[in-house]
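One structure is given below, encoded as structure tokens.
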Amino acid sequence: MKKLIIGLAIFLTIGVITFFVFPQVYFSTSLGQRIMMKLMGEQTAKFHFNPTSKTKDTLFMKGVIYSNTLKDIKEVLDENPQVTTLVMQEVPGSIDDEINLLASREIRKRNINTYIPKDGMVASGGTDMFLAGALRNAHKSAKIGVHSWSDGEKGGNEYPKDDSSHKKYLDYYKEMDIPTDFYWYTLDAADADNIHNMTKEEIKKYNILK
């Protein structure tokens, strides 16, 4: 038992040191990202079906979008082509923006609807994924959060509007039939360390639900 405790202590110590000294190890691999999320008290995105349902046309999602999410969502949708709706229970963001946009495009390509249930929430990259729904709806108690992105040095609103860093987001929103103004609004709504939950008026203004 003592050896086991010592071994666990050493493992945890190495993990913590690696997290602070070599954070790229965690950011660059799916395993590292899962470990990092666990250390932060978060979970990476998981997909599941309601076990009591006789049909599998509604897929549920919960957790932070990460580097394995594209692979995960492709697998579950390939195995269950009857899925018509993705219920996003709690998707607070993404730690891999490139994968997030690819996974979101996969949702749109398959003509899947998105829905945020009672007391559910999406924010940041989770909001971007929600916008991929062919049809989008949300319970009146659901929260839709937005904020500016950051590259670790500057926030998105600190770059000129003609900077190339904006292009991938502008292209994505255009594909999803979301007004360009929505993107610029998110950059000013809250900085990268905070979240602004959209008001009913803002949700209507930017065609978030349809």
Side-chain angles (χ1 to χ4, degrees), residues 15 24-146 149 168-169 171-178 203 207-210:
Q24 64 273 20
V25 172
Y26 289 91
F27 284 107
S28 61
T29 67
S30 59
L31 175 60
Q33 289 173 356
R34 285 196 293 268
I35 294 172
M36 181 178 69
M37 288 292 98
K38 199 151 193 173
L39 289 172
M40 296 171 66
E42 299 278 0
Q43 73 168 49
T44 49
K46 305 293 182 187
F47 298 92
H48 69 278
F49 293 97
N50 185 339
T52 64
S53 176
K54 294 182 180 180
T55 61
K56 288 188 175 181
D57 58 354
T58 302
L59 180 65
F60 293 81
M61 177 184 185
K62 185 175 183 179
V64 177
I65 299 159
Y66 74 120
S67 63
N68 227 44
T69 297
L70 176 62
K71 177 177 177 291
D72 292 343
I73 200 167
K74 277 186 173 182
E75 284 184 357
V76 72
L77 293 178
D78 285 346
E79 292 172 5
N80 300 277
Q82 71 275 24
V83 170
T84 59
T85 302
L86 176 65
V87 177
M88 304 178 74
Q89 297 172 298
E90 185 178 345
V91 186
S94 165
I95 53 174
D96 192 321
D97 289 343
E98 300 298 331
I99 289 295
N100 181 34
L101 296 183
L102 290 172
S104 299
R105 287 184 169 101
E106 193 69 25
I107 292 168
R108 175 58 66 91
K109 183 175 75 174
R110 297 177 190 244
N111 203 38
I112 292 172
N113 305 322
T114 51
Y115 178 70
I116 311 170
K118 181 179 180 181
D119 298 324
M121 66 84 71
V122 297
S124 188
T127 297
D128 289 337
M129 180 171 282
F130 173 71
L131 295 175
L135 295 176
R136 305 181 293 269
N137 207 346
H139 189 275
K140 62 181 181 181
S141 66
K143 294 180 179 178
I144 302 175
V146 297
W149 55 264
K168 65 180 178 181
Y169 301 106
D171 288 348
Y172 175 75
Y173 291 130
K174 183 178 181 181
E175 288 177 45
M176 301 304 148
D177 300 315
I178 298 296
I203 289 171
N207 302 330
I208 301 302
L209 304 181
K210 72 169 187 176

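Everything numeric in this text was worked out from a predicted model, so none of it was measured. Throughout, numbering of the chain's residues begins at 1 and tracks the sequence.
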Problem - Partner set under side-chain contact (heavy atoms from CB on, under 4.5 Å) for Leu135, not counting sequence neighbours - result: Asn113

Problem - Candidate pair Asn207 and Asp177, rule side-chain contact (heavy atoms from CB on, under 4.5 Å), full reasoning - result: CA-CA 9 Å; Asn207 302 330; Asp177 300 315; over 6 Å; no

Problem - Residues Phe47, Leu77; criterion side-chain contact (heavy atoms from CB on, under 4.5 Å); working and verdict - result: CA-CA 10 Å; Phe47 298 92; Leu77 293 178; over 6 Å; no

Fill in the blank from the handout: Of all heavy-atom pairs linking Arg136 and Ile178, the shortest is NH2-CD1, 3.5 Å

Fill in the blank from the handout: Between the CD1 atom in Ile95 and the CG atom in Asn100, the distance rounded to the nearest 0.5 Å is 11.0 Å

Practice task
Find the distance between CE (Met61) and CE (Met88) and round it off to the nearest 0.5 Å.
Solution key: 5.0 Å

Exercise for the section: With sequence neighbours excluded, tell me which residues meet ring-ring contact (aromatic ring centres under 6.0 Å, His included) with His139. Expected result: none

Handout entry: Shortest non-hydrogen contact from Ile107 toward Leu86
Key = CD1-CD2, 3.7 Å

Practice task
Output yes when Arg108 and Glu175 qualify as a salt bridge under the 4.0 Å nitrogen-oxygen rule, no when they do not.
Solution key: no

Handout entry: Reported OG1-to-CD1 distance for the pair Thr44 and Ile65, which is rounded to 0.5 angstrom
Key = 11.5 Å

Practice task
Give the minimum heavy-atom separation between Gly63 and Pro92, together with the two atoms involved.
Solution key: O-CD, 3.8 Å

Practice task
Kindly check if the number of other-residue, nucleotide or ligand heavy atoms within 6.0 Å of NZ (Lys174) is above 12?
Solution key: no

Completion exercise
Distance col, row Leu102:CG vs Tyr172:OH, nearest 0.5 angstrom, shows 10.5 Å

Exercise for the section: Measure the CG-OG distance between Asp72 and Ser67 for me, rounded to the nearest 0.5 Å. Expected result: 9.0 Å

Exercise for the section: Only counting residues at least two apart or in another chain, list the ones meeting salt bridge (Lys or Arg N to Asp or Glu O under 4.0 Å) with Lys109. Expected result: Glu106

Considering only distance and modelled atom types, tabulate donor-acceptor pairs under 3.5 Å from the side chains of residues 117-134, sequence neighbours left out.
unit_1, atom_1, unit_2, atom_2, d
Ser124, OG, His147, NE2, 2.8
Thr127, OG1, Gly145, O, 2.6
Asp128, OD1, Tyr173, OH, 2.5

Problem - Within residues 75-88 or reaching into it, pairs that qualify as side chain to side chain donor-acceptor pair (under 3.5 Å) - sequence neighbours excluded - result: Lys71-Glu75, Asp78-Arg110

Problem - Nearest non-hydrogen partners of Gln89 and His48, listed with the distance - result: OE1-CE1, 3.2 Å

Completion exercise
The residue among Leu101, Asp96, Asp97 that forms side chain to side chain contact (heavy atoms under 4.5 Å, CB included) with Ile99 is Asp96

Exercise for the section: Working to the nearest 0.5 Å, report the span between CD1 of Ile144 and CD1 of Ile203. Expected result: 4.0 Å

Problem - Heavy-atom closest contact (Val83 atom, Lys56 atom, distance) - result: CG2-O, 3.4 Å

Exercise for the section: Indicate whether any N or O donor in one side chain lies under 3.5 Å from an N or O acceptor in the other, for Asn50 and Thr52. Expected result: yes

Completion exercise
All heavy atoms of Ile73 vs all of Ala103, minimum pair found to be CG2-CB, 4.3 Å

Practice task
Decide side-chain contact (heavy atoms from CB on, under 4.5 Å) for Lys46 and Lys62; before the verdict, give the C-alpha distance in whole Å, the side-chain angles of both, and the deciding distance to 0.1 Å.
Solution key: CA-CA 6 Å; Lys46 305 293 182 187; Lys62 185 175 183 179; 5.8 Å; no

Completion exercise
Residue set satisfying ring-ring contact (aromatic ring centres under 6.0 Å, His included) with Phe49, at least two apart, ordered chain then number -> none

